[in-house]
A.B. asks: 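Questions regarding the structure given below will be posed in turn.
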Amino acid sequence: MHTPTLLTFLLSFASAGVLAAPPKPDPPHKPAAAVKCPLIFDGRIKARTQLTDFDSSTTSLFNPDNVKGSNLKWSQILKFPEGEKASRFDTCSHKPLEVTIGDDSVFKTQYGFRRAGLIFAADTNTGSPASKGIKTLHFSVKQDPKRGLNLTHEYLNIWHETSDWSANQFNFQTGTIIGQPKLPKDTFKIMGRENKLIWQTPIEKKEWQNFAITLDFNKNTLQVYYSKGNEPLGSVTKPVKNNNAGEGQYQFGILKKPTGTDDVVNSGYQESGIDEGQIYGGIFIEDSADGCISL
Ligand SMILES: *[C@@H]1O[C@H](CO)[C@@H](O)[C@H](O)[C@H]1NC(C)=O
(Lines give C-alpha, C1' and ligand atoms only; values in the text may rest on other atoms or scores of the structure.)
Protein backbone atom coordinates (compact mmCIF):
# COMPACT_ATOMS: atom_id res chain seq x y z
CA MET A 1 0.00 0.00 0.00
CA HIS A 2 1.14 3.49 -0.79
CA THR A 3 0.81 5.88 2.04
CA PRO A 4 -0.69 9.18 0.90
CA THR A 5 2.54 10.85 1.84
CA LEU A 6 4.65 8.54 -0.31
CA LEU A 7 2.19 8.77 -3.21
CA THR A 8 2.24 12.54 -3.13
CA PHE A 9 6.01 12.40 -3.00
CA LEU A 10 6.20 10.08 -6.01
CA LEU A 11 3.65 12.05 -8.02
CA SER A 12 5.56 15.24 -7.47
CA PHE A 13 8.61 13.60 -9.00
CA ALA A 14 6.61 11.90 -11.77
CA SER A 15 5.09 15.19 -12.89
CA ALA A 16 8.54 16.67 -12.97
CA GLY A 17 9.60 13.86 -15.26
CA VAL A 18 12.11 12.55 -12.75
CA LEU A 19 10.49 9.10 -12.62
CA ALA A 20 9.94 8.78 -16.35
CA ALA A 21 11.60 5.39 -16.69
CA PRO A 22 13.43 4.57 -19.91
CA PRO A 23 11.64 1.86 -21.92
CA LYS A 24 12.77 -1.51 -20.64
CA PRO A 25 14.08 -4.07 -23.12
CA ASP A 26 12.12 -7.32 -23.18
CA PRO A 27 13.46 -9.64 -20.51
CA PRO A 28 15.27 -12.58 -22.11
CA HIS A 29 12.89 -14.97 -20.39
CA LYS A 30 9.37 -14.57 -19.11
CA PRO A 31 8.93 -15.72 -15.51
CA ALA A 32 8.36 -19.45 -15.54
CA ALA A 33 5.10 -20.92 -14.34
CA ALA A 34 5.66 -22.54 -10.97
CA VAL A 35 5.82 -26.29 -10.47
CA LYS A 36 3.34 -26.67 -7.62
CA CYS A 37 3.51 -30.37 -6.80
CA PRO A 38 6.36 -32.58 -5.57
CA LEU A 39 8.75 -33.35 -8.43
CA ILE A 40 9.31 -37.03 -9.13
CA PHE A 41 11.70 -36.57 -12.09
CA ASP A 42 12.92 -33.22 -13.37
CA GLY A 43 13.96 -33.45 -17.03
CA ARG A 44 14.30 -29.71 -17.53
CA ILE A 45 17.69 -28.94 -19.04
CA LYS A 46 19.91 -26.61 -17.04
CA ALA A 47 21.26 -23.69 -19.07
CA ARG A 48 24.84 -24.67 -18.23
CA THR A 49 24.38 -28.23 -19.58
CA GLN A 50 26.83 -29.25 -22.34
CA LEU A 51 25.84 -31.70 -25.07
CA THR A 52 28.60 -34.08 -23.96
CA ASP A 53 26.96 -34.22 -20.50
CA PHE A 54 24.35 -36.51 -22.09
CA ASP A 55 27.05 -39.08 -22.96
CA SER A 56 27.86 -40.04 -19.38
CA SER A 57 25.79 -41.40 -16.51
CA THR A 58 27.66 -39.12 -14.11
CA THR A 59 26.44 -35.97 -15.87
CA SER A 60 23.20 -36.91 -17.66
CA LEU A 61 19.67 -36.78 -16.29
CA PHE A 62 18.92 -39.57 -18.74
CA ASN A 63 20.17 -43.02 -19.62
CA PRO A 64 23.33 -42.39 -21.68
CA ASP A 65 23.17 -45.75 -23.50
CA ASN A 66 19.58 -45.99 -24.72
CA VAL A 67 17.56 -45.70 -26.96
CA LYS A 68 19.58 -44.64 -30.00
CA GLY A 69 21.68 -45.71 -32.94
CA SER A 70 24.53 -47.84 -31.61
CA ASN A 71 27.20 -45.82 -33.41
CA LEU A 72 25.92 -42.45 -32.21
CA LYS A 73 26.52 -40.55 -29.02
CA TRP A 74 23.80 -38.40 -27.50
CA SER A 75 26.05 -35.39 -28.09
CA GLN A 76 25.68 -36.10 -31.83
CA ILE A 77 21.91 -36.61 -31.60
CA LEU A 78 20.87 -33.71 -29.38
CA LYS A 79 21.01 -30.00 -30.10
CA PHE A 80 20.41 -26.81 -28.16
CA PRO A 81 18.29 -24.74 -30.55
CA GLU A 82 19.67 -21.19 -30.87
CA GLY A 83 17.52 -18.27 -29.90
CA GLU A 84 14.58 -20.29 -28.64
CA LYS A 85 12.55 -18.81 -25.82
CA ALA A 86 12.06 -21.00 -22.80
CA SER A 87 8.82 -22.97 -22.59
CA ARG A 88 6.17 -22.37 -19.95
CA PHE A 89 7.71 -24.32 -17.07
CA ASP A 90 11.35 -23.56 -17.92
CA THR A 91 12.99 -20.81 -15.90
CA CYS A 92 15.85 -18.61 -17.08
CA SER A 93 18.20 -21.30 -15.81
CA HIS A 94 16.76 -23.87 -18.25
CA LYS A 95 16.98 -24.25 -22.02
CA PRO A 96 15.19 -26.22 -24.74
CA LEU A 97 16.54 -29.47 -26.12
CA GLU A 98 16.13 -30.84 -29.64
CA VAL A 99 16.16 -34.56 -30.38
CA THR A 100 17.13 -35.37 -33.97
CA ILE A 101 17.10 -38.45 -36.18
CA GLY A 102 19.14 -39.27 -39.28
CA ASP A 103 19.88 -42.31 -41.39
CA ASP A 104 22.08 -43.78 -38.63
CA SER A 105 19.31 -43.64 -36.02
CA VAL A 106 18.92 -47.42 -36.02
CA PHE A 107 18.69 -49.07 -32.61
CA LYS A 108 20.25 -52.55 -32.60
CA THR A 109 18.66 -54.40 -35.53
CA GLN A 110 15.44 -52.37 -35.69
CA TYR A 111 16.03 -51.44 -39.33
CA GLY A 112 12.42 -50.34 -39.82
CA PHE A 113 12.62 -47.50 -37.32
CA ARG A 114 14.63 -44.33 -37.13
CA ARG A 115 14.68 -43.53 -33.46
CA ALA A 116 16.29 -41.61 -30.62
CA GLY A 117 14.55 -41.60 -27.25
CA LEU A 118 15.57 -40.34 -23.83
CA ILE A 119 14.70 -42.22 -20.64
CA PHE A 120 15.01 -40.63 -17.19
CA ALA A 121 18.06 -42.14 -15.48
CA ALA A 122 16.05 -42.85 -12.31
CA ASP A 123 13.04 -44.34 -14.14
CA THR A 124 13.67 -48.01 -13.43
CA ASN A 125 11.73 -50.44 -15.59
CA THR A 126 10.11 -51.94 -12.48
CA GLY A 127 9.46 -50.21 -9.18
CA SER A 128 9.69 -46.69 -10.58
CA PRO A 129 7.89 -44.09 -8.46
CA ALA A 130 6.65 -42.55 -11.73
CA SER A 131 4.62 -45.68 -12.56
CA LYS A 132 2.46 -45.82 -9.44
CA GLY A 133 -0.01 -43.63 -7.62
CA ILE A 134 -1.15 -40.58 -9.58
CA LYS A 135 1.52 -38.87 -11.64
CA THR A 136 1.46 -36.08 -14.21
CA LEU A 137 3.94 -35.98 -17.07
CA HIS A 138 4.56 -32.46 -18.37
CA PHE A 139 6.20 -31.57 -21.68
CA SER A 140 6.27 -28.76 -24.20
CA VAL A 141 7.02 -29.19 -27.88
CA LYS A 142 8.09 -26.81 -30.62
CA GLN A 143 8.89 -27.31 -34.30
CA ASP A 144 12.25 -26.73 -35.95
CA PRO A 145 11.48 -25.34 -39.44
CA LYS A 146 14.88 -26.59 -40.63
CA ARG A 147 14.22 -30.15 -39.46
CA GLY A 148 10.57 -30.77 -40.20
CA LEU A 149 8.99 -34.17 -39.71
CA ASN A 150 7.61 -35.99 -42.75
CA LEU A 151 3.98 -36.44 -41.77
CA THR A 152 3.48 -39.17 -44.35
CA HIS A 153 5.11 -41.33 -41.69
CA GLU A 154 3.85 -42.28 -38.24
CA TYR A 155 5.83 -40.84 -35.32
CA LEU A 156 5.91 -41.71 -31.65
CA ASN A 157 7.27 -38.74 -29.73
CA ILE A 158 6.53 -39.55 -26.10
CA TRP A 159 5.16 -42.67 -24.50
CA HIS A 160 5.17 -44.98 -21.51
CA GLU A 161 6.10 -48.55 -22.34
CA THR A 162 5.25 -51.51 -20.11
CA SER A 163 8.13 -53.24 -18.33
CA ASP A 164 7.71 -56.36 -20.51
CA TRP A 165 7.78 -54.21 -23.70
CA SER A 166 4.46 -55.68 -24.82
CA ALA A 167 2.47 -52.43 -24.94
CA ASN A 168 2.55 -48.70 -24.43
CA GLN A 169 0.09 -47.38 -21.87
CA PHE A 170 -0.18 -44.20 -23.94
CA ASN A 171 1.48 -42.63 -26.99
CA PHE A 172 1.95 -38.99 -27.88
CA GLN A 173 2.19 -39.12 -31.65
CA THR A 174 2.04 -37.26 -34.90
CA GLY A 175 1.90 -37.96 -38.63
CA THR A 176 -0.06 -40.66 -40.41
CA ILE A 177 -1.11 -43.35 -37.97
CA ILE A 178 -0.74 -46.70 -39.72
CA GLY A 179 -4.14 -48.37 -40.09
CA GLN A 180 -6.07 -45.22 -39.11
CA PRO A 181 -6.28 -43.23 -42.35
CA LYS A 182 -9.18 -41.09 -41.12
CA LEU A 183 -7.02 -39.34 -38.53
CA PRO A 184 -5.46 -36.13 -39.91
CA LYS A 185 -1.69 -36.30 -40.22
CA ASP A 186 -0.84 -32.77 -39.10
CA THR A 187 -1.97 -33.09 -35.50
CA PHE A 188 -0.43 -34.18 -32.23
CA LYS A 189 -2.41 -37.13 -30.96
CA ILE A 190 -2.69 -38.73 -27.58
CA MET A 191 -3.56 -42.38 -28.04
CA GLY A 192 -4.57 -44.78 -25.29
CA ARG A 193 -3.23 -48.27 -24.70
CA GLU A 194 -5.54 -49.78 -27.31
CA ASN A 195 -4.21 -47.30 -29.91
CA LYS A 196 -7.45 -45.34 -29.93
CA LEU A 197 -7.41 -41.57 -30.19
CA ILE A 198 -8.06 -39.78 -26.90
CA TRP A 199 -7.38 -36.21 -28.02
CA GLN A 200 -5.66 -34.34 -30.83
CA THR A 201 -4.71 -30.79 -31.71
CA PRO A 202 -3.09 -29.25 -34.82
CA ILE A 203 0.70 -28.89 -34.84
CA GLU A 204 1.67 -25.26 -34.33
CA LYS A 205 4.41 -24.12 -36.67
CA LYS A 206 5.82 -21.40 -34.41
CA GLU A 207 4.56 -21.55 -30.85
CA TRP A 208 5.31 -23.80 -27.95
CA GLN A 209 2.56 -26.33 -27.24
CA ASN A 210 2.31 -27.46 -23.65
CA PHE A 211 0.87 -30.81 -22.64
CA ALA A 212 0.30 -32.59 -19.36
CA ILE A 213 -0.94 -36.14 -18.99
CA THR A 214 -2.18 -37.30 -15.60
CA LEU A 215 -1.93 -41.05 -15.19
CA ASP A 216 -3.90 -42.54 -12.33
CA PHE A 217 -2.27 -45.93 -11.84
CA ASN A 218 -4.83 -46.85 -9.14
CA LYS A 219 -8.01 -46.04 -11.03
CA ASN A 220 -6.62 -46.71 -14.52
CA THR A 221 -7.49 -43.35 -16.01
CA LEU A 222 -5.68 -40.78 -18.10
CA GLN A 223 -6.45 -37.06 -18.36
CA VAL A 224 -5.00 -34.55 -20.81
CA TYR A 225 -4.22 -30.86 -20.21
CA TYR A 226 -3.05 -28.44 -22.88
CA SER A 227 -2.12 -24.85 -23.66
CA LYS A 228 -0.33 -22.84 -26.34
CA GLY A 229 2.51 -20.37 -25.89
CA ASN A 230 2.69 -19.20 -22.31
CA GLU A 231 -0.99 -19.72 -21.50
CA PRO A 232 -1.93 -21.72 -18.40
CA LEU A 233 -2.87 -25.33 -19.07
CA GLY A 234 -6.52 -26.34 -19.07
CA SER A 235 -8.04 -29.81 -19.08
CA VAL A 236 -9.09 -30.91 -22.56
CA THR A 237 -10.45 -34.31 -21.53
CA LYS A 238 -12.06 -35.77 -18.47
CA PRO A 239 -10.22 -38.64 -16.80
CA VAL A 240 -10.81 -41.38 -19.40
CA LYS A 241 -10.51 -45.12 -18.80
CA ASN A 242 -7.10 -46.43 -19.76
CA ASN A 243 -5.27 -49.55 -18.67
CA ASN A 244 -2.14 -48.14 -17.01
CA ALA A 245 -0.98 -51.48 -15.58
CA GLY A 246 2.38 -53.06 -16.33
CA GLU A 247 4.83 -50.44 -14.99
CA GLY A 248 7.74 -49.66 -17.36
CA GLN A 249 9.34 -46.41 -18.43
CA TYR A 250 8.64 -43.04 -20.00
CA GLN A 251 10.51 -42.16 -23.16
CA PHE A 252 10.66 -38.98 -25.25
CA GLY A 253 12.31 -38.15 -28.54
CA ILE A 254 11.42 -39.39 -32.00
CA LEU A 255 10.51 -42.85 -33.23
CA LYS A 256 9.72 -42.71 -36.95
CA LYS A 257 7.96 -45.74 -38.34
CA PRO A 258 8.54 -46.89 -41.93
CA THR A 259 5.87 -46.99 -44.62
CA GLY A 260 4.72 -49.93 -46.70
CA THR A 261 5.14 -52.82 -44.29
CA ASP A 262 3.31 -54.83 -41.65
CA ASP A 263 6.61 -55.42 -39.85
CA VAL A 264 7.41 -51.85 -38.82
CA VAL A 265 10.24 -52.79 -36.46
CA ASN A 266 12.36 -54.62 -38.99
CA SER A 267 11.44 -53.65 -42.54
CA GLY A 268 9.59 -51.12 -44.68
CA TYR A 269 10.61 -47.91 -46.39
CA GLN A 270 12.61 -45.02 -44.95
CA GLU A 271 13.93 -42.40 -47.31
CA SER A 272 17.64 -41.61 -47.06
CA GLY A 273 19.12 -38.25 -46.12
CA ILE A 274 16.82 -37.81 -43.12
CA ASP A 275 17.52 -34.77 -40.93
CA GLU A 276 14.54 -34.29 -38.64
CA GLY A 277 14.11 -32.88 -35.16
CA GLN A 278 11.64 -32.26 -32.39
CA ILE A 279 12.25 -29.52 -29.82
CA TYR A 280 11.30 -30.22 -26.21
CA GLY A 281 11.11 -28.11 -23.08
CA GLY A 282 9.61 -28.21 -19.61
CA ILE A 283 9.81 -31.97 -19.17
CA PHE A 284 9.06 -33.20 -15.68
CA ILE A 285 6.90 -35.62 -13.75
CA GLU A 286 5.06 -34.43 -10.66
CA ASP A 287 3.09 -36.16 -7.96
CA SER A 288 -0.62 -35.53 -8.51
CA ALA A 289 -1.83 -37.26 -5.38
CA ASP A 290 -4.74 -35.30 -3.90
CA GLY A 291 -5.41 -33.74 -7.32
CA CYS A 292 -2.32 -31.55 -7.35
CA ILE A 293 -1.33 -30.34 -10.82
CA SER A 294 0.74 -27.44 -12.10
CA LEU A 295 -1.10 -25.46 -14.72
C1 LIG B 1 8.00 -38.32 -47.04
O2 LIG B 1 7.95 -39.70 -46.92
C3 LIG B 1 7.47 -40.39 -48.07
C4 LIG B 1 7.36 -41.86 -47.68
O5 LIG B 1 8.59 -42.32 -47.18
C6 LIG B 1 8.41 -40.15 -49.21
O7 LIG B 1 7.90 -40.78 -50.37
C8 LIG B 1 8.52 -38.65 -49.47
O9 LIG B 1 9.51 -38.41 -50.44
C10 LIG B 1 8.90 -37.91 -48.20
N11 LIG B 1 8.76 -36.48 -48.42
C12 LIG B 1 9.70 -35.62 -48.15
C13 LIG B 1 9.37 -34.19 -48.39
O14 LIG B 1 10.79 -35.95 -47.72
Side-chain angles (χ1 to χ4, degrees), residues 51 66-84 96-118 139-159 161 165 167-168 170-192 194-209 211 228 251-281:
L51 286 175
N66 290 305
V67 177
K68 58 176 182 58
S70 331
N71 301 326
L72 297 173
K73 292 178 174 175
W74 281 112
S75 52
Q76 299 170 288
I77 296 167
L78 301 173
K79 294 185 184 303
F80 298 130
E82 298 276 319
E84 281 296 347
L97 182 69
E98 181 167 2
V99 179
T100 70
I101 53 166
D103 298 348
D104 294 337
S105 303
V106 176
F107 174 62
K108 296 191 173 165
T109 58
Q110 297 182 351
Y111 296 109
F113 294 151
R114 299 293 176 269
R115 67 186 297 185
L118 288 162
F139 56 93
S140 299
V141 292
K142 201 163 188 291
Q143 302 318 303
D144 178 347
K146 294 199 292 290
R147 292 194 184 79
L149 307 179
N150 180 344
L151 301 178
T152 303
H153 288 251
E154 175 176 343
Y155 291 86
L156 271 70
N157 301 76
I158 300 190
W159 63 92
E161 186 169 12
W165 300 296
N168 292 352
F170 74 88
N171 292 323
F172 173 73
Q173 299 199 241
T174 191
T176 305
I177 307 298
I178 295 169
Q180 304 196 48
K182 290 206 179 114
L183 292 180
K185 63 181 185 177
D186 55 351
T187 58
F188 281 120
K189 304 158 184 75
I190 292 169
M191 313 286 279
E194 312 302 330
N195 260 358
K196 289 212 187 76
L197 181 71
I198 292 177
W199 190 72
Q200 63 180 331
T201 192
I203 301 174
E204 292 289 327
K205 294 273 188 296
K206 296 204 167 121
E207 277 189 284
W208 281 106
Q209 294 177 275
F211 296 82
K228 266 196 273 194
Q251 189 171 147
F252 71 95
I254 300 179
L255 186 158
K256 182 184 188 183
K257 292 188 182 177
T259 57
T261 180
D262 289 332
D263 180 13
V264 290
V265 180
N266 301 299
S267 66
Y269 178 73
Q270 295 275 7
E271 63 207 289
S272 54
I274 293 174
D275 182 16
E276 301 179 11
Q278 174 63 62
I279 300 170
Y280 289 101

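Residue indices begin at 1 and follow the sequence shown. Counting convention: from 1, in listed order, for ligands and their atoms alike. Everything numeric in this text was worked out from a predicted model, so none of it was measured.
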A.B. asks: Take Ser75 and Lys73, measure what side chain to side chain donor-acceptor pair (under 3.5 Å) needs, and give me the verdict at the end.
C.D. replies: CA-CA 5 Å; Ser75 52; Lys73 292 178 174 175; 5.8 Å; no
A.B. asks: Examine the side chains of Gln173 and Glu154 and answer whether a donor and an acceptor come within less than 3.5 Å of each other.
C.D. replies: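 Checked: Gln173/Glu154 side chains pair up, N/O donor to acceptor below 3.5 Å.
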A.B. asks: For the salt bridge (Lys or Arg N to Asp or Glu O under 4.0 Å) test, which of Arg147, Lys256, Lys146 pairs with Glu276?
C.D. replies: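 In the set Arg147, Lys256, Lys146, the residue that makes a salt bridge (Lys or Arg N to Asp or Glu O under 4.0 Å) with Glu276 is Lys256.
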A.B. asks: Side-chain atoms of residues 105-113: list all donor-acceptor pairs with protein atoms under 3.5 Å, sequence neighbours left out, distances to 0.1 Å.
C.D. replies:
from, atom 1, to, atom 2, distance (Å)
Ser105, OG, Gly102, N, 2.9
Ser105, OG, Gly102, O, 3.2
Gln110, OE1, Arg115, NH1, 2.7

A.B. asks: Nearest protein heavy atom to atom 2 (O) of ligand 1, by residue and atom, and its distance?
C.D. replies: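 Protein heavy atom with the smallest distance to atom 2 (O) of ligand 1: Asn150 ND2, 2.2 Å.
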A.B. asks: For atom 4 (C) of ligand 1, what is the closest protein heavy atom, and at what distance to 0.1 Å?
C.D. replies: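 Going atom by atom, the protein heavy atom closest to atom 4 (C) of ligand 1 ends up being His153 NE2, 3.3 Å.
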A.B. asks: Are any of the N or O atoms of Thr152 closer than 3.5 Å to those of ligand 1?
C.D. replies: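 No - when backbone and side-chain N and O of Thr152 are compared with those of ligand 1, no distance drops under 3.5 Å.
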A.B. asks: Under 3.5 Å, N or O to N or O, is Tyr269 touching ligand 1 that way?
C.D. replies: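 Checking ligand 1 against Tyr269, no N or O pair falls under 3.5 Å apart.
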A.B. asks: Quick check on side chain to side chain contact (heavy atoms under 4.5 Å, CB included): which of Lys79, Gln143, Glu98 does Ile279 satisfy it with?
C.D. replies: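 Going through Lys79, Gln143, Glu98 one by one, the side chain to side chain contact (heavy atoms under 4.5 Å, CB included) with Ile279 is satisfied by Glu98 alone.
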A.B. asks: Taking 4.0 Å as the limit for heavy-atom contacts, which would you say applies to Gln270 with ligand 1: side chain only, backbone only, both, or neither?
C.D. replies: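 None of Gln270 does.
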A.B. asks: Protein non-hydrogen atoms only, distance under 4.0 Å: does atom 10 (C) of ligand 1 have such a neighbour?
C.D. replies: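 Within 4.0 Å of atom 10 (C) of ligand 1, protein heavy atoms are found.
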A.B. asks: For atom 14 (O) of ligand 1, find the nearest protein heavy atom and state the residue, atom name and distance (0.1 Å precision).
C.D. replies: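 The closest one turns out to be Glu271 OE1, 2.7 Å.
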A.B. asks: Heavy-atom count around Asp262 CG within 6.0 Å, excluding the residue itself: above 12?
C.D. replies: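 Not more than 12 within 6.0 Å, no.
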